Structures are given as structure tokens and as C-alpha cells.
Amino acid sequence: MLKSVRWWVLGGMLSVWLSGASAAPTLTVGLIAHGEAAEAVAAWQPVLDDLAKATGRPVKAVAAKNYSEILDGLKSGQIQVARLGNKVALEAVETANVDVFGQLVLAGGIDKYSSVLITRKDSGIKDLQQVLLSKGRYRYGSGDRKSTSGFLLPQYYAFLKNNIVVEQHFKAVRYGNHQDNFLAVARGEVDVAANNTDDLVKFARKFPQESAKIKVIWQSDAFNFDPLVMRRTLPAELKQAISSFFLQYATNPQYPNAKANLAAADSLAGFKPLANRDLKRIAEVELFYAQFSTTLNTALSQAQKEVQEKAFYRRHEQLIALLGGAR
């Protein structure tokens with residue numbers, strides 16, 4: 001029986017420690033918090049309580065706004081399972097000895113989402129083209145550098161493909177998670193910010209007054225929603241138990257509250273299979289992003305650019321091999 005629940009904040013990371021549960025090693029699940037870390041832990045806790053039942057192990061949840069904290073936890077082995085974005089999941093497969101085994105599915109069966117750029121309705125900004133033509137005029141709210149929808153997709157598709165280097169183009173650039181950027185736009189602290197279609201729906205419910213002030217001026221193509229990863233070094237039986245739990249949770253009669261728990265955890269409908277190979281599209285975008293960034297970097301000589309480009313291609317080839325080959 002669980003004897004105590006303790007909460008604490010350490011190094012910007014909020015954790016839940018379920019102590020005194022059993023002698024079995026604790027399973028630590030890492031969560032990327034698009035809002036507040038405490039809210040992410042609370043929302044997911046009922047699901048993770050059921051995971052503890054399924055695996056026979058105590059479960060500890062760790063949430064952070066900063067993607068690097070979860071990635072570092074995976075690398076060190078302190079975190080064994082995590083919900084990540086596509087970009088950081090790719091890096092985790094490459095550097096943290098993990099594999100992708102599933103992805104989140106939103107209510108209504110939605111399994112894809114898009115990056116967006118938002119501004120205030122009264123900002124005077126009509127569209128992305130106006131932003132691109134206004135160097136030095138606007139303030140930009142970017143997502144974490146490891147974020148897919150907050151950084152990689154808008155950086156590449158909205159800006160670099162239009163020969164725009166964000167740091168050189170905007171009057172000021174600040175970095176935050178999706179909620180921070182949403183509120184910064186609503187409050188007039190930045191003029192344009194990155195976000196995504198899923199979080200905008202959640203923020204409309206959570207911050208209706210602020211949401212009424214927001215409009216979208218650009219949207220990317222759709223990409224797979226957030227992957228689930230686990231460390232390769234876990235015992236085979238435990239990996240199977242974890243995978244089966246998530247992929248069957250929504251319809252498993254052993255968990256009669258599953259649908260309600262999922263709805264409370266990020267408005268989810270459940271989880272579906274996903275594999276390392278499904279990150280190939282993100283690997284391609286990473287390569288294109290790196291190429292464009294180097295091409296537009298005026299601080300580099302042509303020789304330096306050629307050296308970097310060769311390194312990008314070597315990494316890309318290694319990634320594709322790691323993800324299962326070109327096919």
C-alpha cells in the first residue's frame with residue numbers, strides 16, 4: 001500500500017515521489033509540461049496510478065517545462081519512460097538509449113497536430129508575409145529550442161525557407177513554453193509567437209478571455225502527435241508490460257475509469273503504436289533546417305559552411321540508419 005505522497009521542486013523540475021510502496025524499483029515517467037509542471041503531474045497521475053498496478057512497480061512522475069531536463073533524465077537512466085515532442089524524441093533515440101513505442105491520441109481520434117504562429121487580433125498584423133517584410137519591428141516568442149511545434153517547424157517552414165533568420169529579423173526574441181508564449185501574446189508582451197493547434201484548443205478553455213484576443217496567422221503541415229519512449233535497457237517483461245498498458249489502456253476493462261483519466265490528462269482518447277522509423281520525417285526537417293541555417297549564417301566562411309554541411313549529412317545518414325534505414 002502507498003504510505004505517502006510527497007511533492008517538491010528541484011532544479012526547475014516538479015516531481016511526485018510515491019514512497020514506501022514496495023521493494024520493486026521505481027518506474028519514473030517524464031512529462032513535457034506545455035503549461036505548469038504541477039498541472040501536468042496532477043493531470044497524468046490517475047493514468048500513472050494504473051500503470052503502477054499494471055507493472056507492479058511504484059511510479060514516480062517528473063514534469064518539466066524544459067525539454068533538456070527530461071532528455072537528461074533519460075540519458076542518465078533516472079527516467080525510464082517519457083512523453084516527448086517529435087524533435088526531442090529523435091534526439092533521445094539518438095543519444096539517450098531509448099526507443100519510441102507509442103504516441104498520444106487526442107479526443108476525437110486526432111493523432112496529428114500543426115505548429116502555428118499567433119498574434120493579437122488588434123496587433124495590426126494581417127499575415128505571415130507582413131511579419132517577413134517588417135525586419136526589426138516585432139517581438140517574437142519562440143518555443144524551447146528542442147520543441148517541434150514551438151521551434152523546429154516555425155523556424156524552418158515559416159522563416160528559414162523565406163530566408164529569414166529569427167534572431168536577426170525580430171526586434172527581440174524570448175523563449176518559453178506554449179502557455180508562456182500564448183499568454184505573452186495575449187498580454188501584449190510579444191507581437192508574434194509560436195504555438196500549436198492542440199494547445200490553442202486547451203488554452204481556449206483555460207483562458208477564454210485571453211483566447212478571444214488571439215488569432216492565427218500561419219499554420220504548418222500536420223505531424224504525428226507526441227511520442228512515448230522507453231529505455232532499451234529495461235527488462236523485456238517490463239517493456240512489454242509498459243507498452244501493453246499504454247496501447248490497450250483506453251479499452252481495457254481492468255481500468256473502468258480509463259476514459260475519464262485520459263480526458264483529464266491532456267484531453268486524450270488513448271495511445272496508438274509508433275516506432276523509431278516514424279521519426280524519419282522529423283529527421284528530414286532537421287537536416288533541411290541545419291542546411292538553411294548554415295547557408296544564411298553570414299558569420300561563416302564558405303569553407304566553414306561546407307564542413308558543417310558534410311557533418312549534417314553524416315548525422316542524417318546515421319539517424320536514418322538508426323531509425324531503420326531509408327525504406
Side-chain angles (χ1 to χ4, degrees), residues 29-34 64-77 79-105 111-115 142-161 175 177-178 194 196 198 220-234 239 243 246 271-294 308-327:
V29 177
L31 303 170
I32 294 298
H34 291 177
K65 291 184 178 183
N66 188 317
Y67 287 75
S68 293
E69 293 185 37
I70 302 300
L71 181 61
D72 289 345
L74 288 168
K75 288 180 179 180
S76 68
I79 295 174
Q80 296 82 44
V81 181
R83 173 257 182 105
L84 301 172
N86 284 277
K87 184 180 187 300
V88 74
L90 178 65
E91 186 174 350
V93 170
E94 180 184 21
T95 66
N97 201 25
V98 306
D99 289 313
V100 175
F101 70 93
Q103 74 162 91
L104 280 63
V105 178
D111 60 2
K112 296 184 183 298
Y113 74 134
S114 298
S115 172
S142 171
D144 186 293
R145 292 180 182 274
K146 294 185 182 298
S147 170
T148 307
S149 62
F151 184 85
L152 179 63
L153 299 185
Q155 283 271 344
Y156 173 63
Y157 285 108
F159 298 118
L160 286 177
K161 286 191 74 173
Y175 296 86
N177 71 5
H178 295 302
N196 67 58
D198 173 53
S220 75
D221 293 339
F223 282 75
N224 289 330
F225 200 55
D226 291 359
L228 294 170
V229 303
M230 73 171 99
R231 282 184 59 82
R232 298 180 189 126
T233 54
L234 292 175
K239 287 197 288 187
S243 178
F246 280 105
F271 309 92
K272 63 181 288 187
L274 201 72
N276 291 350
R277 62 179 176 273
D278 295 306
L279 297 178
K280 289 179 185 177
R281 189 178 175 202
I282 291 295
E284 296 289 345
V285 178
E286 286 251 89
L287 174 62
F288 300 149
Y289 166 75
Q291 288 176 314
F292 271 78
S293 295
T294 299
Q308 286 199 6
E309 287 175 357
K310 289 180 181 179
F312 296 149
Y313 274 106
R314 283 197 301 272
R315 180 192 178 227
H316 179 69
E317 290 173 0
Q318 292 169 350
L319 278 175
I320 294 303
L322 187 62
L323 299 177
R327 293 186 178 181

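Source: prediction; values computed, not measured.
- Without hydrogens or angle criteria, N276 side chain to G324 main chain gives no donor-acceptor distance under 3.5 Å.
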query: For N196 and S149, what are the C-alpha separation, side-chain angles and deciding distance, and is it a side-chain hydrogen bond (donor to acceptor under 3.5 Å, both in side chains)?
result: CA-CA 6 Å; N196 67 58; S149 62; 3.2 Å; yes
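- Here the options are L104, D111, L228, the test is side chain to side chain contact (heavy atoms under 4.5 Å, CB included), and the partner is K272; only D111 passes.
- With hydrogens and angles disregarded, a donor-acceptor distance shorter than 3.5 Å links the side chain of D278 to the backbone of A275.
- Ring geometry, F101 versus F246: the interplanar angle falls from 30° to 60°, so the pair is classed tilted.
- When every heavy atom of Y67 is checked against every heavy atom of S147, the shortest pair comes out as OH-OG, 3.6 Å.
- Between H34 and H178, the two ring planes are perpendicular [angle over 60°; tilted spans 30° to 60°].
- Between I70 and I32, the closest heavy-atom pair is CG1-CD1, 3.6 Å.
- Checked by atom type and distance alone, the side chain of R231 pairs as donor or acceptor with a backbone atom of L74 at under 3.5 Å.
- A donor-acceptor contact shorter than 3.5 Å is absent between the side chain of Q155 and the backbone of Y289.
- Closest of all the heavy-atom pairs between A89 and L84 is CA-CD1, 3.8 Å.
- At a cut-off of 3.5 Å, with distance as the only test, no side-chain donor of Y156 or E286 sits close to an acceptor on the other residue.
- For L71 against T95, the heavy-atom pair with the smallest separation is CD1-OG1, 4.4 Å.
- Summarising the geometry of P227 relative to G85, their closest heavy-atom pair is CD-C, 3.8 Å, with the distance given to 0.1 Å.
- Going from atom CD of Q291 over to atom CZ of F312 covers 8.5 Å, rounded to the nearest 0.5 Å.
- In this structure the side chain of K112 reaches within 4.5 angstrom of the side chain of N224, judged on heavy atoms.
- Panel note: side chain T148, backbone K87; a donor-acceptor pair is recorded below 3.5 Å.
- Contact record, R232 with V93: NH2-O, 3.0 Å, taken as the closest heavy-atom pair.
- Between L160 and F288 the shortest side-chain heavy-atom distance does not fall below 4.5 Å.
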